[in-house]
Amino acid sequence: MHRFRTVAALLIAGASVGAPFADDHITGFMDGAATELRDLESRYDDHIHPDDLCDWMRHMTDRPHHAGSPKAKANAEYIAGLFREWGFDVEIEVFHVLYPTPKARALKQLKPFPFTASLTETIVSSDSAAKALEREALPPFNAYSADGDVTGALVYVNQGLPSDYEVLERNGIDVSGKIVIARYGGSWRGIKPKVAAEHGAIGCLIYNDPLADGFARGDAYPSGAFKHGTAVQRGSVLDMPKRPGDPLTPNYGATKNAERVSVEESGTVMSIPVLPISSVDAEPLLRTLDGPTAPANWRGALPVTYRLGGGGGSIVKLSISFNWDLVPAYNVIARLKGATYPDEWVIRGNHHDAWVIGARDPMSGLVPLMAQAKAFGALAKSGWRPKRTAVFAVWDAEEPGLLGSTEWVEHHRDVLSEKAVAYINTDGNSRGFLSMGGSHGLQTMASEVAYSVLDPQTGVSVGERLRARRLVNGTTDQKKHAKQSKELRLSALGSGSDYSPFLQHLGIASFNIAFGGEGVGGEYHTCFDTFDHYSTYVDPEYEYGVALAQVCGRLTIRLLDADVLPWDFAAASTTYSEYVDSLVEKADALREETDEFNRLLLEGQVKLAADPTKEFFAPKSKSAVPHLNFAPLLNARDRLAELVKDNDLSAGAPLTVDQRHEVNRLLFQSERQLVDGRGLPGRPWFRHQVYAPGFYTGYGVKTMPGVREAIEERRWAEADEQITRTAAALDRFADTVEQVNALLDFGDENNGK
Ligand SMILES: [Zn+2]
């Protein structure tokens, strides 16, 4: 008699025999079905051809294709045409989104000597896209900067993080009424102007220091992969940690006739002017800064003495204005209808728009998605009908702020909440090691997939290669986990790509997948990210493109065809437990630190440790950290841990078709239980209680963000309230586990829990 095994059961029942990753078992598939699946996957692999990837890439990267450009539309139509050829039901769904493009940009130094920044990139004439770049590339800018014409003293703020402003404060430097210059790195770029504005700055420049990805690292393109001195990283400064998507249509789709709020009402457009510049333009500005020498870890690789400035010796004038236009965003949506459960959707997405040519970002992630779709089409023609419906989504306007995907998710929220099983995202690809972030309920199936795909360079599986890396070069935690188990931990998802609306707005279990770590270069968001650059320095044979198509293809196929969806409540429970523990530890550590600081202050030690020449530095005592009531969260954690332990199927009876349907619905809806409709404090759009981008990290994740950020920001009443909310989310999740247990134990009187 076959039994349906969820991983929760498998991990417990099989813990002693190491059943996960056993060759004969694939989570979610009964024994016979697993054999068929392996056969299907090997036929799938036969349809993935590196030449296809290269040809599509070449075709779509011959001209700039930013949102609203003719080539973005042409690419959407080209992709839609191919999908149709491959047998999909295809539509191009258009949204109308705010996409400001630069009208005028000027940056001048007025004191101590006049200097005008060039604000242009020197295009490499030997690049096959050179002519198109000269003709059609938008100049470097930060999307959703404010218009502005400001003049002020310049201050160097390192990476522009909150902690950098503490250093400035200790040096007696105030940025209010001044213009800051920050280097890229340390956070998502939008944090830099946001924090600068919070401190009263009137303008913000962001530059690329060659220390990060320029001459300090290697030769510049075209002789090497690294950043040209004139290259500028474009990018969005929309307040995405607050709410991504079209600023003018918060929480609903930006359809043609949708009601729109004003730019001022949007709450996500930057309040001060921001401009990205090259290291060549930054150097003269940095050279003239006065004031204290910057701390050692603030210094870059330019041949200047890095100083903090602010004394008024260096005055700059920044003037920028934008065309605040609505542009059409073309999402390509292609469906292959499921045979058994057509109303359960597995969605696979990547964006198609770029800042300029975007060979690496996003095309190197898109062409494996297209290879996957072509292979699905071919398999369907030879008789394969997936059980569930496959939806391929190719997004427009990701770069300015996840606009295409967010508008689609907001517009279709009800049907997606009901039907979406999971969302699998990619956004560009490189070479080296597999990187997998995602919902921890799907961790075990992701591991199994990783061990089933061969690494093109080493001949071992991409999973084995990743595990070896963690054993050798991992953090202490990674080493510990890699020693304990073959199961590969998924990283938690913050933001920075199109999975955000699925995961964090609606609670749809998500993945974000790429290869990386060995494809270093400086082309990101510059006009140097071209077909020639990618084909020379990143993945010339498209072998990692093929590997990405194999990993994402398997994830999709297994979710489409599993008898019982491959959820793993035990892995989720273990991970959530660790998050809870880390919150308790964080609060304790903060209490100890605070007490110690106040004690040293009382003894006069803090004053002695400060620079005695700086009389302005008058440290104040910190308010004591109260004991928070973690009980609700600890109780919810324990209840969940107990329930996944009880998920013992040895006494289970086979399921009827209806029961199986119900179990599957409960499994994929389990992620929805982690959503709280009220959202996170100050940012209601973000509703997932376990994963969110940090309010002050931008892309970087904060797990159990409501509680964690309240502790970090020392808002104690809010911390207590958020503990209750997060505990309630874990309890709802545990309720689902309980319901699944009840269904799987159907017919057994000993398991009447
Ligand atoms: Zn991208």
Side-chain angles (χ1 to χ4, degrees), residues 53 56-57 60-61 64-69 71-72 75-76 79 97 99 137-138 140-144 184 188-190 213 232-238 240 244-245 276 329-332 348-370 392-409 423-431 435-437 493-503 510-516 519 521-531 533-534 538-539 544-545 548 552 693 698-700:
L53 275 69
W56 297 325
M57 167 84 95
M60 294 189 291
T61 56
H65 52 97
H66 50 271
S69 67
K71 181 66 177 176
N75 277 347
I79 296 159
V97 297
Y99 183 54
L138 290 177
F141 70 109
N142 285 132
Y144 307 106
Y184 269 111
W188 170 63
R189 81 185 69 73
D213 57 2
V232 184
Q233 184 194 131
R234 293 152 181 78
S236 179
V237 293
L238 185 75
M240 279 189 274
Y330 301 94
N331 290 335
V332 183
R348 167 81 178 91
N350 194 104
H351 70 99
H352 69 78
D353 68 301
W355 281 110
V356 193
I357 293 271
R360 173 152 22 175
D361 180 6
M363 289 308 175
S364 63
L366 178 55
V367 293
L369 176 147
M370 291 165 70
F392 285 86
V394 185
W395 312 115
D396 199 350
E398 185 270 355
E399 294 293 3
L402 322 181
L403 306 187
S405 57
T406 299
E407 297 314 308
W408 192 77
V409 166
Y423 174 68
I424 301 159
N425 191 67
T426 53
D427 182 349
N429 195 41
S430 179
R431 64 184 305 108
S435 141
M436 299 194 293
L493 290 176
S495 190
S497 194
D498 293 306
Y499 55 79
S500 252
F502 290 91
L503 179 66
S510 297
F511 282 116
N512 191 45
I513 313 279
F515 285 91
E523 79 283 19
Y524 176 68
H525 289 189
T526 71
C527 76
F528 301 87
D529 181 4
T530 59
F531 177 84
H533 185 289
Y534 191 82
V538 187
D539 191 16
Y544 277 96
L548 188 64
C552 294
Y699 286 171

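In what follows, every heavy atom counts, from backbone to side chain, and hydrogens, waters and symmetry copies are set aside. Indexing begins at 1, ligand by ligand and atom by atom, following the structure's order.
- By the 30° and 60° cut-offs, the orientation of the rings of Phe502 relative to Tyr423 is parallel.
- For Arg360, the salt bridge (Lys or Arg N to Asp or Glu O under 4.0 Å) test picks out Glu523, with sequence neighbours left out.
- Residues meeting the salt bridge (Lys or Arg N to Asp or Glu O under 4.0 Å) test with Asp539, sequence neighbours left out: Arg431.
- Tyr499 pairs in a side chain to side chain contact (heavy atoms under 4.5 Å, CB included) with only one of the listed residues (Ile513, Ile424, Asn425), which is Asn425.
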Exercise. Between Tyr524 and Trp355, is a ring-ring contact (aromatic ring centres under 6.0 Å, His included) present by the stated rule, with each step listed?
Worked result: CA-CA 9 Å; Tyr524 176 68; Trp355 281 110; 9.6 Å; no
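- Near-neighbour remark for the Zn ion (ligand 1): protein N, O or S atoms under 2.8 Å are His351 NE2, Asp361 OD1, Asp427 OD1, Asp427 OD2; waters not counted.
- Residues passing the side chain to side chain donor-acceptor pair (under 3.5 Å) test with Tyr699 are Trp188, sequence neighbours excluded.
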